[in-house]
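Below: one structure, written as structure tokens.
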Amino acid sequence: MRRVYLDHSATTPVDPEVAAIMMTYYTEKYGNPSSVHGFGREAKQALEQARNQVAELIGAASGEITFTSGGTEADNLAILGTAEALRKKGKHIITSCIEHHAVLETCEYLEKNGFDLTVIPVDEEGIISVDALRKAIRPDTILITIMHANNEVGSIQPISEIGKLAKEQGIVFHVDAVQSLGKIPVNVEELNVDLLTVSGHKIYGPKGVGALYVRKGLRIVPLVHGGGQEKKRRSGTENTPGIIGFGKACELAGQRMADDAEHQRKLRDKLINGILERIDFVKVNGPLGEKRLPNNVNVSIRYVEGESLLLSLDMLGIAASSGSACTSGSLDPSHVLLGMGLIHEIAHGSLRFSLGRQNTEEDIDYVLEQLPKIVERLRMMSPLYDQAIHSKQA
Amino acid sequence: MRRVYLDHSATTPVDPEVAAIMMTYYTEKYGNPSSVHGFGREAKQALEQARNQVAELIGAASGEITFTSGGTEADNLAILGTAEALRKKGKHIITSCIEHHAVLETCEYLEKNGFDLTVIPVDEEGIISVDALRKAIRPDTILITIMHANNEVGSIQPISEIGKLAKEQGIVFHVDAVQSLGKIPVNVEELNVDLLTVSGHKIYGPKGVGALYVRKGLRIVPLVHGGGQEKKRRSGTENTPGIIGFGKACELAGQRMADDAEHQRKLRDKLINGILERIDFVKVNGPLGEKRLPNNVNVSIRYVEGESLLLSLDMLGIAASSGSACTSGSLDPSHVLLGMGLIHEIAHGSLRFSLGRQNTEEDIDYVLEQLPKIVERLRMMSPLYDQAIHSKQA
Amino acid sequence: MYTEKVMDHFTNPRNVGELENPDGVGEVGNAKCGDIMRIYLDIEGDIIKDVKFKTFGCGAAVATSSMVTEMVKGKTIEEAMEISNAAVAEALGGLPPAKMHCSNLAADALHEAIKNYHDKQHKKE
Amino acid sequence: MYTEKVMDHFTNPRNVGELENPDGVGEVGNAKCGDIMRIYLDIEGDIIKDVKFKTFGCGAAVATSSMVTEMVKGKTIEEAMEISNAAVAEALGGLPPAKMHCSNLAADALHEAIKNYHDKQHKKE
Ligand SMILES: Cc1ncc(COP(=O)(O)O)c(C=O)c1O
Ligand SMILES: Cc1ncc(COP(=O)(O)O)c(C=O)c1O
């Protein structure tokens, strides 16, 4: 069976070049970078090279990079670490309604523990308004945390502007750039950010590795205590093979970004247009054009439910994801789609295809051949479709 | 140049069988285990198999295993998570003076944040007394955290007894078993523990992966918030390749433990005895015989400094570690050796050789050939040795 | 995630469709929570002669709908009333825990259809 | 961690040993903190004719001791007094930050030895 992976926003395969380097550090150059001997030194050197590679991709100095176990931990470290460091200065935090759970849940944890939280809404394209954010600022606001690009609908936020605002007001600004890294330029200076989260497994690097950019001079309280690695910001024996793989993945991402983006943008538009042509009652979620990540396709297909779509696609070897509640085990569908104003019944029937480096025109053709048949079959089963057809004809 | 790695307590090479499996999950079976499609399901399945493998090695149920980014995070999760969960019940925590920094620093962080901490001393062999611990218990004691075996001197603690005591008193009992796992039996039932930390990279598994055993029914507050992975105990996209590698390493550890221990015990005793025969003014640190980890050798060599020893060994291809302050950048040598009553000048000159699966008799012969020459050279340079020889002759 | 039996019923659902003049129709769920199941019954005497369903919902919702129609065909109304959601799940070899409460409503739809049949009978009398 | 020059001086330290009847001896550090450096001087007129050292300590301690003896041989006392710990570290191509304050004391030992020489001269007078 043909297998077409279109879930790169969930995770990516590790680039073979990256995997090969990692192997060396698992089995041969396995020293602990804190060790004084040669095994330790060669690991330490490679670790610092990786730090440079990550720093370079985001325009930071290597001393500003703290490695973590992933994007989620980096988000937690940024938010909890800032809140703890500034709790005497203020208790107000601002975020948006379309953040990743790693940000939202962490902010809500703080809210339960004595902080005040304002959650900014988004427009129907999934973009937050700088004006709304400005109005939310209070004298005791200590942290603004807004994602660079949304993982579900690919909407790119006006980060640079928000950063300018935060800087003017002396508020720490954290940005989750997990989805934008490697897809569009991410530069900490241009974006005016103080803290920035990145993750390895979204850019053809390994799972279980991420990093937090911490602007020089900014203090955050560590989350994990111990041996004092990562300049005391993150204790624990460094995951050198993972970090080195992440570094390499960053280097490759920098080299390939322009080509990747062009390639994926083409496939993206082909897929979006193809779906709109072939299936009725379909709505594209998120912005079109430059405000959308080059690799994101998100559509709501009315009268069918997302998980059923996923399962049917999966049986044909196509891997996608959905904003359906049924894929998460809760009753509410995607908070992002609801935040954009979609009604529940439409949000339930949403599908995300996220493209990657390896995808081809043929992959898209295959999806465009199969998806309409699947939708037709499910709609034939659906009591909602009857009604819709009836009322349309009526 | 011959390379002899004798720093397995710092970290181990990844077993080739383990590395091979991991590769598959980096480059082919790279799905996100939370995904509904086939790529996700195959990852999820392997993840759950790994959970079984870890659980089996420590006599737990697989539902009691929470994967983390390493031993340090697992220690933090156990200690901070319990403190947070029980802060209304009490504020007193007990630990020992020879714990790893991942435990000590975390306990001290809590102490700074309103908890009371009692640090139990050890005897000159590095073993804590159950009696001393019993006396430290207060009505508001909520947590006892004691390591199974010490990473520097290999002393094995009377965990089962302490566990019984904790159980009688209804106190949560956490054990850091990072160094004992795979070397001596670790069984959560026999040890009477509620929480137990293990780490991948000390047992020929990958760095950046660990696990916390949490006894069924015990509540801990998570450290990292987000997507709710690991039954909400530890959010973040699962490091599936790492976890799967860790699982395999646990399986292998279970199979090989008896052979490994026998082999390493023989080399250990050959090395200890060889050093004692060939070098004067040497003291063995930690217990001898059954109370010592099979792979640990720790000696203090008077009148020379540890880092100098390490560098000299390293130039001959021998990788070891030291309790010298100079290897850590602080002025105080190993807190473990000081805790055992060693005076500073002797602690500074300590060396740890930690054996591994691959080490041979020839490795030991090589060390026994080189070390005396190194010591002689350094002593010739040392102003302390003169004085010692003088006063001996006088 | 799903058992083979669930996937079989999802892929080849039995008795999909509607009945022209059903003796009973039952519907549970709503689009908001992501699951709607509608069941149509033809009843002769006490016996369920024919049954069809239409479902909007996830894999479990489709599979339980399909399974319940198979379980009930040819049964008496009394027997049908005794079929529980748990029994349907069991007949499918089990459902993931998260699906047990949220998408496992096919037996409820069946019972609604039988209730609807009784109501209609009542009116006729 | 260490530069090649540091490793060279650690591996082949220059001027290790003692002088029979030194004109000056200086010692800094103590065993407790892990570093002791002792420097012996032979002085003729104003010129340091010979110098030896003994050191207990880490790689940096040995290398700085060795380096300072090289730097000072043949120099005048005044010139020797101007050699700083920082200059020794620099001559070695730098030291790791953690070592800059804790093991970089060789110039202090040298200055102590010169002081000891002055003290002795004083007594003779
Ligand atoms: C926007 C965003 N933030 C954070 C994360 C979490 O990163 P990680 O999977 O490395 O924990 C993800 C992906 O899961 C994401 O898409
Ligand atoms: C006893 C002990 N506990 C905890 C740790 C920390 O584990 P990790 O290196 O996986 O963070 C180590 C090793 O570094 C250890 O020896």
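Below, chains carry the letters A, B, ... as their sequence lines are ordered, and counting in each starts from 1.
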message: Within this structure, what is the OG-CD distance for the pair C:Ser103 and A:Glu307, rounded to the nearest 0.5 Å?
response: 7.0 Å

Region of C:Thr11 that comes under 4.5 Å of a non-hydrogen atom in chain A: both

message: How long is the straight-line distance from CE of A:Met381 back to OG of C:Ser65, given to the nearest 0.5 Å?
response: 9.5 Å

query: CD of A:Glu111: more than 12 outside heavy atoms within 6.0 angstrom?
result: yes

- request: Specify the closest pair of heavy atoms between C:Phe56 and A:Glu345, including all atoms of both residues, with the distance to one decimal.
  value: CZ-O, 4.3 Å

query: Looking at side-chain heavy atoms only, is the closest gap between C:Val16 and A:Met380 below 4.5 Å?
result: no

- request: Would you name the heavy atoms of A:Leu311 and C:Gly59 that are closest together and state the gap between them?
  value: CD1-CA, 3.6 Å

C:Ala60 portion near chain A, given a 4.5 angstrom heavy-atom threshold: backbone

field: Main-chain N/O of C:Ala31 paired to A:His344 side chain as donor or acceptor, under 3.5 Å
entry: no

- prompt: Take atom CD in C:Glu4; do more than 12 heavy atoms of anything else shown fall under 6.0 Å from it?
  reply: no

query: Taking atom NZ of A:Lys283 as the centre, does the number of heavy atoms from other residues, nucleotides or ligands within less than 6.0 Å exceed 12?
result: yes

query: Does a side-chain heavy-atom distance below 4.5 Å link A:Asp386 with C:Glu18?
result: yes

- prompt: Looking at A:Tyr385, does the NZ or CZ of C:Arg38 lie under 6.0 angstrom from its six-membered ring centre and within 45 degrees of the ring axis?
  reply: no

query: Side chain, backbone, both or neither: which part of A:Met315 has a heavy atom under 4.5 Å from chain C?
result: side chain

query: With side chains defined as the heavy atoms from C-beta onward, is the minimum distance between C:Phe53 and A:Pro383 less than 4.5 Å?
result: no

- prompt: Tell me, do C:Thr55 and A:Ser382 make a side-chain contact under 4.5 Å, heavy atoms counted?
  reply: no

- prompt: Distance from C:Lys32 atom NZ to A:Ile346 atom CD1, nearest 0.5 Å?
  reply: 14.0 Å

